[in-house]
Amino acid sequence: MSENKVPVITIDGPSGVGKGTLAQYLTCKTKFNLLDSGAIYRALAYGAVKHGLALDDVASLVNLAESLPVTFIATSILYEGEDVTSKVRTEEIAGVASTVAVIPEVRAALMNRQKNFASLPGLVADGRDMGTVVFPDADLKLYLTASATIRAERRVKQLKNQGVSANIGQITRDIEERDARDLNRKTAPLKPAEDAIIIDTSGLDITEVCRQVESLLWDRGLLK
Ligand code: DC
């Protein structure tokens with residue numbers, strides 16, 4: 001690796017598969033920067049709802065995407081200075097994010113903002129197309145999978161811990177609907193890069209996933 005090359009680790013996969021936890025673990029270990037690209041799509045969705053934009057109004061969505069007033073401070077997401085960290089985590093916003101993410105012009109408008117996260121000492125990038133489209137030259141590409149049922153169970157548990165009651169059937173349907181949109185869209189569909197390492201997290205504890213990936217990082221010289 002040349003001295004000024006920014007090392008990049010990509011983590012792709014559907015929602016609820018453990019990408020966020022793994023990404024945070026790896027940024028802790030490596031001290032790399034973190035790109036939660038889903039949070040950018042969610043911030044766009046939040047803005048679209050807030051400003052009452054129609055989800056097929058491509059020009060307005062692109063306009064918003066180009067000057068999206070989102071900033072990340074530690075683990076908080078700010079929209080026009082307002083802390084929207086929990087507001088963008090709702091099922092409603094997830095659905096809107098996955099709907100606007102289908103539009104190729106919207107994806108193009110968000111491209112540079114994502115690429116700009118790559119700076120020394122390195123980047124851990126979490127999303128759907130990190131290894132395939134945004135960082136095709138990444139040093140290590142990971143793709144996490146798990147069945148929709150298991151991901152829905154994890155989401156219900158997470159909501160319960162936040163004191164929110166949830167219907168497992170509805171959550172499973174929401175996840176399957178979003179998966180279908182993310183997998184079948186024409187631009188940057190959710191799929192593993194050809195050189196990605198695929199990890200099925202269905203039967204694994206997330207700490208076991210983190211441990212496995214950490215040892216990969218040592219093998220690839222990304223941890224010293
Ligand atoms: O990772 P997440 O659940 O926060 O992402 C929310 C939605 O954003 C997801 O359903 C699809 C979209 N997304 C995307 O299209 N490309 C990415 N790199 C990240 C997220």
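Counting starts at 1 for both ligands and their atoms, following the listed order.
Contacts between R181 and ligand 1 below 4.0 angstrom, taking non-hydrogen atoms only, are absent altogether. The part of R178 lying near ligand 1 is the side chain, judged by heavy-atom distances below 4.0 Å. Contacts between E177 and ligand 1, counted as non-hydrogen atom pairs separated by less than 4.0 Å, are absent for every part of the residue. Residue-level proximity to ligand 1 for D126 is absent, since no heavy atom of it falls below 4.0 angstrom.
Contact check on K5 versus D139 returns a salt bridge, with a Lys/Arg side-chain nitrogen under 4.0 Å from an Asp/Glu carboxylate oxygen.
Set against the non-hydrogen atoms of S98, the atoms of ligand 1 under 4.0 Å away are 10 (O). Atoms of ligand 1 lying under 4.0 Å from at least one heavy atom of D182, given by number and element, are 9 (C), 10 (O), 11 (C). Ligand-side atoms of ligand 1 in range of M130: 18 (N), range being under 4.0 angstrom from any heavy atom. Against a heavy-atom cut-off of under 4.0 Å, A101 is close to the following atoms of ligand 1: 12 (C), 15 (O). The contact set between ligand 1 and A97, taken as ligand atoms under 4.0 Å from a residue heavy atom, comprises 7 (C), 8 (O).
Between I175 and T172 the shortest side-chain heavy-atom distance does not fall below 4.5 Å. Counting heavy atoms from C-beta on, the side chains of L22 and L26 come closer than 4.5 Å. No side-chain heavy atom of L78 sits less than 4.5 Å from a side-chain heavy atom of V70. A 4.5 Å side-chain heavy-atom check between F32 and V6 finds every atom pair outside the cut-off.
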Per-pair distances, 0.1 Å, donor-acceptor, side chain in residues 10-18, under 3.5 Å, sequence neighbours excluded:
from: D12; atom 1: OD1; to: R128; atom 2: N; distance (Å): 3.1
from: D12; atom 1: OD1; to: D129; atom 2: N; distance (Å): 3.1
from: D12; atom 1: OD1; to: M130; atom 2: N; distance (Å): 2.9
from: D12; atom 1: OD2; to: M130; atom 2: N; distance (Å): 3.2
from: D12; atom 1: OD2; to: G131; atom 2: N; distance (Å): 2.8
from: S15; atom 1: OG; to: R178; atom 2: NH1; distance (Å): 3.4

Show the atom names and distances, to 0.1 Å, of all donor-acceptor pairs under 3.5 Å that link a side chain in residues 44-55 to residues at least two apart or in another chain.
from: Y46; atom 1: OH; to: E82; atom 2: OE1; distance (Å): 3.1
from: K50; atom 1: NZ; to: E80; atom 2: OE1; distance (Å): 2.9

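Hydrophobic clustering keeps L190 apart from I199 (ILVMFWY residues linked when any side-chain heavy atoms are closer than 4.5 Å, directly or through intermediates).
Comparing R128, Q114, R42 against atom 1 (O) of ligand 1, the shortest heavy-atom distance belongs to R128. Closest heavy-atom approach to atom 19 (C) of ligand 1 within the set S37, A188, A43: this belongs to S37. Closest to atom 20 (C) of ligand 1 by heavy atom, among G13, G127, G38, is G38.
Residue Y41 places no N or O, backbone or side chain, under 3.5 Å from any N or O of ligand 1. Not a single N or O atom of S15, backbone or side chain, sits closer than 3.5 Å to an N or O atom of ligand 1.
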Begin from the C-alpha positions of R107 and T187 and carry the test side chain to side chain donor-acceptor pair (under 3.5 Å) through to its verdict. CA-CA 8 Å; R107 304 196 71 83; T187 307; over 6 Å; no
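Counting only heavy atoms of the protein, atom 16 (N) of ligand 1 lies nearest to R107 NH2, 3.0 Å.
Neither side chain, N33 nor T27, offers a donor N or O lying under 3.5 Å from an acceptor on the other.
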